Novice: 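Sharing a structure, written as structure tokens. Questions coming.
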Amino acid sequence: MDRYLVFGHPVRHSKSPFIHTLFARQTQQELEYGLAEPAVDEFAQALRTFFDQGGKGCNVTVPFKEQAFTLVDRLSPRAKRAGAVNTIKLTDDGVLLGDNTDGAGLVADLKSHGVTLADSRILLLGAGGAARGALAPLLAELPSELVIANRTYTKAQQLAAEFCDLGPVTAQAYEQLAGPFDLVINSTSASLQGELPPLAPALIHTDIAIYDMMYGTSDTAFISWAKQHGARQTMDGLGMLVEQAAEAFTVWRGIRPGTKQVLRELKRNLGVI
């Protein structure tokens with residue numbers, strides 16, 4: 001039976017085995033999917049051992065995405081742009097192909113919620129790996145403008161300069177932000193600590209769409225804050241998790257699984273419905 005893993009540290013909380021098991025059942029694919037939590041300095045060896053022992057593919061999560069980028073034989077165009085790999089496939093000719101499905105998962109989830117990206121003004125909070133992975137897929141949807149805001153303004157500037165060939169992307173300091181925005185995406189990990197990015201409440205209005213890449217069994221700190229200031233459409237990153245997994249499954253198996261029922265099952269598993 002074909003074997004797949006998710007590598008991370010920590011990774012025991014991962015819902016990837018749950019998601020991919022449902023995908024396999026739905027598409028009648030025979031595979032098994034497990035967890036691997038090597039020490040931070042042992043990832044490279046663990047990855048080689050997995051594929052030497054017959055592994056077919058894997059997902060890679062924190063803190064190994066940038067390291068995986070350097071360990072594969074070939075990179076997909078979106079992995080090159082993201083500077084990180086979250087999906088690896090062993091091809092039929094024995095090549096380790098590195099891909100990044102995070103941005104595609106984000107865009108798919110936004111569209112599933114009816115969010116219009118074309119001609120929209122988007123504010124992306126954060127300039128780390130999550131933001132980098134999202135930029136090319138977001139710009140491919142032809143927004144009117146994509147503004148990056150980050151606590152360290154120079155990082156936002158560098159990221160905007162790197163992606164400016166793909167579309168109208170600029171950098172602004174938090175205190176310089178001027179609305180209105182149609183969509184705000186929080187790519188920072190602030191919500192994991194219950195913290196908030198320093199966003200002015202005046203930027204929130206009733207017609208804005210709010211997206212937090214983080215998720216939990218209740219509203220994240222950012223979503224709670226946005227609701228308090230009048231946002232009516234708020235979304236967390238649980239759907240993105242399922243959509244990026246579906247994209248990875250497609251890379252591995254050549255068949256696209258459905259996501260709606262799997263997302264419902266995942267919410268039930270987490271106790272959020």
Side-chain angles (χ1 to χ4, degrees), residues 2-24 31-76 78-90 96-106 126-134 155 186-195 212-217 220-221 236-249 251-252 266 269-270:
D2 291 346
R3 293 174 52 236
Y4 296 85
L5 285 178
V6 55
F7 285 94
H9 193 99
V11 79
R12 280 164 286 183
H13 65 285
S14 174
K15 293 300 178 182
S16 292
F18 181 86
I19 294 168
H20 283 286
T21 297
L22 291 181
F23 284 161
L31 60 87
E32 59 181 32
Y33 189 107
L35 302 170
E37 191 176 273
V40 174
D41 60 350
E42 295 175 358
F43 169 61
Q45 182 59 53
L47 186 70
R48 281 192 294 269
T49 299
F50 170 65
F51 283 107
D52 286 346
Q53 294 178 350
K56 293 294 186 180
C58 65
N59 289 127
V60 182
T61 188
V62 177
F64 300 131
K65 291 184 183 183
E66 287 76 20
Q67 192 177 350
F69 182 86
T70 69
L71 295 173
V72 295
D73 302 315
R74 194 165 72 223
L75 293 163
S76 71
R78 57 189 179 184
K80 285 181 183 177
R81 273 290 186 178
V85 161
N86 80 331
T87 300
I88 300 175
K89 174 185 179 178
L90 180 65
L96 287 186
L97 172 66
D99 201 351
N100 190 302
T101 66
D102 285 332
L106 169 65
R132 178 181 291 275
K155 283 191 69 176
N186 180 24
S187 77
T188 76
S189 59
S191 287
L192 294 177
Q193 289 80 43
E195 299 172 356
D212 195 339
M213 288 190 188
M214 301 299 109
Y215 64 89
T217 55
T220 67
D236 69 14
L238 196 60
M240 177 181 171
L241 175 69
V242 175
E243 293 291 351
Q244 67 81 24
E247 187 76 9
F249 192 92
V251 170
W252 293 330
L266 179 59
N269 177 265
L270 290 169

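The chain is numbered in sequence order, starting from 1. The structure presented is a predicted model; accordingly, all values stated were derived computationally and were not measured.
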Novice: Taking side chain as C-beta onward, heavy atoms only, is I88 less than 4.5 Å from V60?
Specialist: yes
Novice: If we ignore hydrogens and angles and just use 3.5 Å, is the side chain of T21 paired with the main-chain N or O of F18 as donor and acceptor?
Specialist: no
Novice: For E37, what residues pass the side chain to side chain contact (heavy atoms under 4.5 Å, CB included) criterion, not counting sequence neighbours?
Specialist: H9, P10, V11, R12
Novice: With the side chain counted from C-beta on, respond yes when L96 and R74 share a heavy-atom pair under 4.5 Å apart, and no when they do not.
Specialist: no
Novice: Report the C-alpha distance between K65 and D102 in whole Å, list the side-chain angles of each, state the deciding distance to 0.1 Å, and finish with yes or no for side-chain contact (heavy atoms from CB on, under 4.5 Å).
Specialist: CA-CA 11 Å; K65 291 184 183 183; D102 285 332; 2.8 Å; yes
Novice: Locate the shortest heavy-atom distance separating A248 from T101; write the atom from each residue and the value.
Specialist: N-CG2, 3.8 Å
Novice: Could you walk me through whether F50 and Q45 pass side-chain contact (heavy atoms from CB on, under 4.5 Å), step by step?
Specialist: CA-CA 9 Å; F50 170 65; Q45 182 59 53; over 6 Å; no
Novice: In Å, rounded to the nearest 0.5 Å, how long is the span from CG of L90 to CZ of R3?
Specialist: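 Spacing of CG (L90) from CZ (R3) equals 12.0 Å.
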Novice: So, do E247 and D99 sit near enough that their side-chain heavy atoms are less than 4.5 Å apart?
Specialist: no
Novice: Is there a side-chain contact between C58 and V6, using heavy atoms and a 4.5 Å cut-off?
Specialist: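 No; the side chains remain at least 4.5 Å from each other.
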Novice: For residues L35 and S14, report the shortest heavy-atom separation together with the two atoms involved.
Specialist: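 Smallest interatomic distance, heavy atoms only, reads CD2-CB, 3.9 Å.
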Novice: Of the non-hydrogen atoms in K56 and F51, which two are nearest, and what is the gap between them?
Specialist: C-CE2, 3.8 Å
Novice: For N59 and Y33, does a side-chain donor sit closer than 3.5 Å to a side-chain acceptor?
Specialist: yes
Novice: Is it the case that D212 and T220 place a side-chain donor and acceptor less than 3.5 Å from each other?
Specialist: yes
Novice: Give the minimum heavy-atom separation between A104 and R78, together with the two atoms involved.
Specialist: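 Taking A104 first and R78 second, the nearest heavy atoms are CB-NH1, 3.8 Å.
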Novice: R81: which residues meet the salt bridge (charged side-chain N to carboxylate O under 4.0 Å, His left out) condition with it, sequence neighbours left out?
Specialist: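 Partners of R81 by the salt bridge (charged side-chain N to carboxylate O under 4.0 Å, His left out) criterion, ordered by chain and then number, come out as D165.
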Novice: At what distance, to the nearest 0.5 angstrom, does CG of L106 lie from CD of Q244?
Specialist: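 With rounding to 0.5 Å, CG (L106) is 11.0 Å from CD (Q244).
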Novice: For F43, enumerate each residue passing the ring pair (Phe, Tyr, Trp, His ring centres under 6.0 Å) test, keeping only those at least two apart in sequence or located in another chain.
Specialist: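 Result, ring pair (Phe, Tyr, Trp, His ring centres under 6.0 Å) vs F43: F7, F64.
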Novice: Residues two or more places apart in sequence or in another chain: which of them pass side chain to side chain contact (heavy atoms under 4.5 Å, CB included) with K15?
Specialist: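 Side chain to side chain contact (heavy atoms under 4.5 Å, CB included) check on K15 returns I19, L241, L266, N269, L270.
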Novice: Any heavy-atom pair between the side chains of V85 and N100 that's under 4.5 Å?
Specialist: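 N100 does not reach V85 side chain to side chain.
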Novice: Could you check whether any side-chain N or O of S191 sits under 3.5 Å from a backbone N or O of G194, counting only pairs where one atom can act as donor and the other as acceptor?
Specialist: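 No.
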Novice: Which residues pass the salt bridge (charged side-chain N to carboxylate O under 4.0 Å, His left out) test with D2, sequence neighbours left out?
Specialist: R253
Novice: Are L47 and L71 side-chain neighbours, meaning at least one heavy-atom pair lies under 4.5 Å?
Specialist: yes
Novice: Tell me every residue that passes salt bridge (charged side-chain N to carboxylate O under 4.0 Å, His left out) with E195, counting only those two or more places apart in sequence or in another chain.
Specialist: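 In terms of salt bridge (charged side-chain N to carboxylate O under 4.0 Å, His left out), with neighbours along the sequence ignored, E195 is linked to no residue.
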Novice: Please round to the nearest 0.5 Å and tell me the distance separating atom OH of Y215 and atom CG of D236.
Specialist: 9.0 Å
Novice: Is any side-chain heavy atom of W252 closer than 4.5 Å to one of H20?
Specialist: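 Touching, per the 4.5 Å side-chain cut-off.
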Novice: Go through the steps to decide whether M214 and M240 satisfy the test side-chain contact (heavy atoms from CB on, under 4.5 Å), and finish with yes or no.
Specialist: CA-CA 9 Å; M214 301 299 109; M240 177 181 171; over 6 Å; no
Novice: At their closest point, which heavy atom of S187 faces which heavy atom of A130, and how far apart are they?
Specialist: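 Closest approach of S187 to A130: O-CB, 3.7 Å.
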Novice: Taking all atoms of both residues into account, what is the closest heavy-atom pair of A134 and M213, and its distance?
Specialist: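 Distance-wise, the nearest heavy atoms are CB-CE, 3.9 Å.
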Novice: With a 4.5 Å limit on heavy-atom distance, are the side chains of N86 and T61 in contact?
Specialist: no
